[in-house]
Amino acid sequence: MLATRLPGILPAMTEKEALESAAIQSISFKGFKLKNWQQRIFRAPHHTASGVALVGGGSQPQPGEISLAHNGVLFLDELPEFDRRVLEVLREPLESGRIVISRATRQAEFPARFQMIAAMNPCPCGYLSHPNGRCHCSSDQIQRYRSRISGPLLDRIDMHIEVPPVPLKDIQSTTSKEESSDTVRERVVKAHQRQLQRNKHSNALMNTQDIKLFCQLDKSGALLLEQAVSRLGLSARSHNRILKVARTIADLNDEDNISMNHISEAIGYRRLDRGYPSS
Ligand SMILES: [Zn+2]
């Protein structure tokens, strides 16, 4: 449910983004529908989808789900249930924003810059550490399930968040204080504009040079990140991704400098680097 809400809080598409998105959809089997113009697309392929359906291919190369989700959202529910080889193919587009499909006779390249959201359970049955005690998964089963997500793939996911069960009284509450998507979107748009003014593109697209320029830390922030990197054994890639997330948190707070709190919050979103939740 959270994932389906994401397109509703994203900034409006630029004409260039809308044209790219429409062009890819127009060459797919289903074609482009005018009602989708300038709408950020939400794709949620099933875990039984084939490699070709997901990343593209075929004798006349067709764009796959990752290209159809270009400039939009790709939601992969039950991530460990996807074919592991297919998941590994995602590593390239997650870095480069494009996918090259090579066939004996021809080669095709499609754009694939999508916002990926993935969901997984803590164990095959999904009830590990749940207060109802219904989980009877063996540690072997749990290990096998989790190992389907490789370290390098995990490295390319900016934020890992544990979502505990929502208490029944909160589901039934009629006096909820939740914000509407429109309110959240105003904040997102403002933070996005800050990024465009400063970097000329969104924080996600910052290269190493941009990171050096725009993600400078004060002494306490630098020390905290250094400690996290050595304690959790983080890669250079994770290090840079934490900096980008911290930069975005600062932007959402309308602040020019990244503080220790921003860095600390960004490190907190690397849940799976700290090991999986255990029973
Ligand atoms: Zn279980």
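Atoms within each ligand, like the ligands themselves, are counted from 1 in listed order. Throughout, residue positions are numbered sequentially from 1 according to the sequence presented.
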Using a strict threshold of under 4.0 Å (side-chain N to carboxylate O), is an ion pair present between Glu92 and Arg98?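 No, no charged N to carboxylate O under 4.0 Å.
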Spacing of Arg241 atom CZ and Ser235 atom OG [to the nearest 0.5 Å]: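 One gets 9.0 Å once the value is rounded to the nearest 0.5 Å.
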Please collect all side-chain hydrogen bond (donor to acceptor under 3.5 Å, both in side chains) contacts where either partner lies in residues 23-33, sequence neighbours excluded, each pair once.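 Sorted result for residues 23-33: Ser21-Gln25.
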Quick one: list whatever passes salt bridge (Lys or Arg N to Asp or Glu O under 4.0 Å) with Glu186, sequence neighbours left out.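 Glu186 satisfies salt bridge (Lys or Arg N to Asp or Glu O under 4.0 Å) with no other residue.
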With a cut-off of 2.8 Å, which protein N/O/S atoms are close to the Zn ion (ligand 1), if we only count those under it?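 The answer is Cys123 SG, Cys125 SG, Cys135 SG, Cys137 SG.
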Counterpart residues, side chain to side chain contact (heavy atoms under 4.5 Å, CB included), relative to Gln39 (two or more places apart):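 Gln39 satisfies side chain to side chain contact (heavy atoms under 4.5 Å, CB included) with no residue once adjacent residues are dropped.
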Residue pair His201 / Gln195, side-chain donor-acceptor N/O under 3.5 Å: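 No pair is found: no donor N or O on one side chain lies under 3.5 Å from an acceptor on the other.
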